[in-house]
Structures are given as C-alpha cells and as structure tokens.
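Scroll down for the structure; my scribbles are underneath it.
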Amino acid sequence: MKVLQHVMRNINEFNIPSSQNGYDILYFGVNLILMFDYRLSFDVEVKNSIEEIEILILSRKEVDVWKTNSSRKEMNVYYKKTGTRITDTIKPSISDAYAFIINNTASSIPSPKNVMVTLVHTWAQEVKENQLKEMNL
C-alpha cells in the first residue's frame, strides 16, 4: 500500500444578491474511510463592501431546513463565522455530504456583494501497488 496526497482547489467569484435568498451554496462530500486526514481550507473575501458576510458549513441534509428558516436551533451546524475576510481550515469528524454556504441574509440591511472564494480540499488516500501500475504512477 502507498499513500497518495491529493489536493483539489476551487477558485470562484460570486455576486451574492441582496434579496431574502442572498446566498450561494457549494456542495462537497467527505468519505473518511477513503480520504485520510481530509481538510477544507478556505479564504473568503468581500470585495465591494465593508458589510460582513456569513459562512456556514452544515450537512447537505440540513439545507432545506436552513432555507426555510425553521427549527434552526435543531440544526447541526459544523461551522459558522461572519466577517469581510474569513480564512480558516476545518477537519470534518464524520463522513457526510456537506454544504458550504455563503450567506448575505445575515446583514441587517443586505446589499449585493462581490465575493471571492478559494477552497482547497486536501486528503491522503491509500492505493494498492497494482493500481499504481495501472495508472503509470
């Protein structure tokens, strides 16, 4: 067995509207059986405003509850932070399909925001020797 390091990077620019539905959602999955030492690093910056934006990470199963704004106290939120620049790294403790939510509805008077998002997913994965030969690695 060999352990290979994997890095997947996303760079996105979003224009988050000012309506009640002022958010964008990026989904990602984590399978801790296959992906050892998984980490999600992110850098989120509001470009055209001094108003803060909120970052939430929750289970994809919880997105509908979050959207309807009902029973939020019962939701399992893995990460929540507000600011104009948010740089952080999380290491999920369970395998799940996650939602990375960029939320503009937390502001008292939301205005449209131009948001730059860099997501870096890193993990290690075990690969059998014969699989490496098939991939010419």
| query | Which value, rounded to the nearest 0.5 Å, describes the distance between N104 atom CG and E52 atom CD? | reply | 11.5 Å

| said: Return the CG to NZ distance between N15 and K113, rounded to the nearest 0.5 Å. | reply: 12.0 Å

| field | Within the 6.0 Å centroid threshold, strictly below: Y98 and Y27 | value | no

| request: Evaluate side chain to side chain contact (heavy atoms under 4.5 Å, CB included) for V117 paired with I11, printing each intermediate quantity in order. | output: CA-CA 6 Å; V117 180; I11 301 174; over 6 Å; no

| Can we say E62 and R60 salt-bridge, meaning some charged N sits less than 4.0 Å from an Asp/Glu carboxylate O? | no

| remark: Residue set satisfying salt bridge (Lys or Arg N to Asp or Glu O under 4.0 Å) with K80, at least two apart, ordered chain then number -> E54

| request: Any chance you could measure K91, atom NZ, to Y38, atom OH, to the nearest 0.5 Å? | output: 12.5 Å

| request: Tell me yes or no: between the side chains of T84 and E51, is some donor less than 3.5 Å from an acceptor? | output: no

| said: Contact between I16 and I102 at the side-chain level, heavy atoms closer than 4.5 Å - yes or no? | reply: yes

| field | Geometric class of the Y23/W66 ring pair [parallel <30°, tilted 30-60°, perpendicular >60°] | value | perpendicular

| Check against side chain to side chain donor-acceptor pair (under 3.5 Å), D88 and Y79 | CA-CA 10 Å; D88 214 339; Y79 182 89; 2.8 Å; yes

| In Å and rounded to the nearest 0.5 Å, what is the CG to CE distance from N10 to M8? | 5.5 Å

| Say you draw a straight line from NE2 of H121 to CZ of R39; how long is it, rounded to the nearest 0.5 Å? | 14.5 Å

| message | L40 vs T89, test: side chain to side chain contact (heavy atoms under 4.5 Å, CB included). Steps then yes/no. | response | CA-CA 6 Å; L40 173 68; T89 299; over 6 Å; no

| query | Does F100 share a hydrophobic cluster with L32, counting links as ILVMFWY side-chain heavy atoms below 4.5 Å and allowing steps through other members? | reply | yes

| task | Please go through I50's hydrophobic cluster and name the other residues, only I, L, V, M, F, W, Y counting, with side-chain heavy atoms under 4.5 Å joining them. | result | none

